[in-house]
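Comments concern the structure below.
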Amino acid sequence: MKERLRNIRNRHHWWPLVLLGAGWFCVPLFANSYWTDVANFFGIYMLLGLSLNIIVGYAGMFNLGHAAFYAVGAYTTAIINTRFGIPLLVLMPIAALTAAGFAALITRPVLHLRGDYLCIVTIGFGEIVRIALINNPFGLTGGPNGVLGIDRPALFGFTFYQPGHFFYLIWVIVILVMFGMRRLENSRLGRAWNYVREDELAAEAMGIDATNMKLLAFILGAGLAGIAGTLYAGKMTVIAPESFGFWESVVMFAIVVLGGPGSIPGVVVGTFGMFVLPEIFRGFSSARMLVFGAAMMLMMIFRPQGLWPSQRVLRVRQAEGLESQGSAAGRPA
Amino acid sequence: MPLLQVENLTKTFGGLTAVADVSFTMQRGEILGLIGPNGAGKTTVFNLITGIYRPDRGRIEFNGRNIVGLKPHSIARLGIARTFQTLRLFPTMTVLENVMSGQHCRTKAGVVASLLRTTAQCAEEEKTVAVADRCLDLVRLTEVRNELAENLPYGRQRLLEIARALATAPQLLILDEPASGLNEGESLELRMLIEQIRQSGVTILLIEHDMKVVMGVSDRVIVLENGSVICAGTPAAVQSDQRVIEAYLGKEED
């Protein structure tokens with residue numbers, strides 16, 4: 001039995017990944033500060049993609065307002081830091097909890113909505129948060145100008161201020177989160193999210209509290225987006241509502257869908273496609289939306305399962321492929 | 001104390017009374033068949049017991065506890081598992097993963113335990129796989145445990161649903177037309193399987209149109225027509241009951 005479990009868990013060889021990771025961690029030694037910063041935002045968007053992947057990929061709920069949770073994390077960090085001077089890394093868990101709590105509060109009443117309906121409500125949440133930030137409630141958010149003068153994160157007296165410093169801070173967190181996600185998706189919770197996504201009624205009949213699982217997906221996803229918000233606030237030292245608009249939510253959603261919902265490598269590929277490629281082809285930025293639109297259409301037609309689909313989806317496709325081959329072979333000539 | 005006691009169960013949809021004043025009890029270890037013409041309200045009775053619908057009137061007691069108003073997942077946790085008339089598997093997950101779903105409500109590892117992969121969590125995962133394998137073995141699907149559920153032939157998907165329901169370790173198993181779409185040989189195997197499940201200590205409530213199956217395995221049979229119980233008794237008694245014959249074949253004109 002133990003043997004069998006080990007087989008399930010260790011079907012991957014880890015060393016190419018470790019090598020790749022080690023290579024990646026050498027990037028700041030060679031890259032200039034511009035490209036190091038591109039890598040930093042690559043990391044922040046990956047965190048956002050991974051967090052949204054819990055909601056969209058694992059649990060199968062459309063969420064086009066994820067920037068709201070990102071904003072709550074960033075603003076919580078910024079406001080508490082500028083008023084009380086509490087260090088950023090201490091605020092990180094607080095930002096995560098605030099974003100998670102906010103998610104629990106606003107999504108609980110709408111969890112019974114499905115598909116497009118939930119999607120529309122989350123767009124509404126995103127807009128409400130953005131407009132609320134602009135309206136400067138209680139003089140907290142600084143209106144359209146946002147919050148200025150946020151501290152840099154510091155650890156044991158070391159302050160992260162150069163792009164290279166941030167690279168290590170962000171990417172250590174990204175690697176930890178990827179590791180955690182991997183464990184989560186192979187746990188009873190990860191499976192339960194998939195059951196709910198596949199057939200909610202059947203999942204309920206098997207004793208799974210679907211509402212609870214969906215709420216948990218939103219809470220974890222939002223909490224992780226809150227952590228990304230803290231990193232963003234510390235990186236920029238200035239945050240404004242325009243950084244948390246609908247477009248940000250769309251980019252995060254596209255990262256998950258482009259890469260393949262429910263797939264961690266998919267998030268890497270999706271973030272690369274949605275964020276790093278546009279940076280590389282900055283010279284052609286006037287054609288960006290054109291290429292983007294065309295790419296989306298081609299994806300829908302030729303690879304709707306995403307660039308690097310989750311193993312489960314991959315298995316489905318393979319099985320279908322085998323089946324069609326089999327029937328082709330079985331056809332009399 | 002009876003395992004399940006249903007009293008004066010009534011459910012209307014708009015002006016249509018789907019279930020009217022249905023009462024019956026089930027003793028531990030028995031197999032009760034529920035038959036009736038199409039639209040008699042059999043599946044509605046199942047949906048009421050499993051919490052998918054809420055009855056307008058009546059009581060449902062399971063182990064002496066009123067379960068009316070509980071959500072389906074709580075009822076499953078109490079020990080009532082079901083299969084669906086129209087198959088509702090998790091199509092893009094493997095056969096094993098499908099059956100593992102049953103153990104979700106019998107395990108309790110949370111986010112932190114799953115992230116840290118604690119000893120308790122690992123033990124739970126092992127137990128989940130072990131229980132799932134045992135259930136697959138019972139319905140003889142071990143060889144396809146890593147196939148996707150949607151790639152199984154229809155008859156095996158039906159068996160998979162039964163295995164998945166058994167994985168919740170139920171006291172009462174509710175089977176909604178398990179033999180529909182099965183061929184002669186498969187339904188014979190199904191009868192043996194139902195008998196085997198009963199011998200393992202599970203009480204079974206069965207809706208079935210296949211009279212060979214339902215009369216062959218049931219200890220008692222209840223006949224529903226237009227939402228009401230018209231007859232209850234042993235298979236032999238029910239088969240010779242005039243009202244039942246009329247319900248199925250129509251009244252003889254003279």
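Worth knowing before you read on, the calculation uses all heavy atoms, side chains too, and leaves out hydrogens, waters and symmetry mates. All chains are named by letter (A, B, ...) in the order of the sequence lines, taking the proteins before the strands, and each is independently numbered beginning at 1.
A distance-only check finds a donor-acceptor pair linking the side chain of B:Asp56 to the backbone of B:Thr12 [under 3.5 Å]. With hydrogens and angles ignored, the 3.5 Å screen pairs a side-chain donor or acceptor of A:Arg188 with a backbone N or O of B:Ala109.
Between B:Thr203 and B:Met26, the closest side-chain pair of non-hydrogen atoms falls below 4.5 Å. With a 4.5 Å cut-off on side-chain heavy atoms, B:Arg158 and B:Leu89 do not count as touching.
Across B:Lys108, B:Glu161, B:Glu147, the residue that shares the most heavy-atom pairs under 4.5 angstrom with chain A is B:Lys108. Ranked by heavy-atom pairs shorter than 4.5 Å toward chain A, the options B:Met100, B:Arg82, B:Glu124 are led by B:Met100.
A donor atom on one side chain and an acceptor atom on the other are found under 3.5 Å apart for A:Ser51 and A:His66. Residues B:Thr94 and B:Glu97 have side chains that bring a donor and an acceptor to within less than 3.5 angstrom of each other. Donor-acceptor pairing under 3.5 Å is lacking for the side chains of B:Ser180 and B:Gln85.
Remark: B:Arg164 is positioned above the aromatic ring of B:Phe90, its terminal NZ or CZ atom under 6.0 angstrom from the ring centre and at most 45 degrees off the axis.
Residue B:Leu138 is tested with B:Leu166, B:Leu159, B:Ile162 for a side-chain contact (heavy atoms from CB on, under 4.5 Å); the sole match is B:Leu166.
At a heavy-atom separation below 4.5 angstrom, chain A is approached by B:Lys71, B:Pro72, B:His73, B:Ala76, B:Arg77 within residues 58-79 of chain B. For a heavy-atom cut-off of 4.5 Å, chain B lies close to A:Leu201, A:Ala202, A:Ala203, A:Glu204, A:Ala205, A:Met206, A:Gly207, A:Ile208 in residues 201-208 of chain A.
With a 6.0 Å radius and a threshold of 12 heavy atoms from other residues, nucleotides or ligands, B:Tyr154 has its OH atom above the threshold.
Side-chain rings of B:Phe13 and B:Tyr53 approach one another, their centers coming within less than 6.0 Å.
Using a 4.5 Å cut-off between heavy atoms, B:Thr50 makes no contact with chain A at all.
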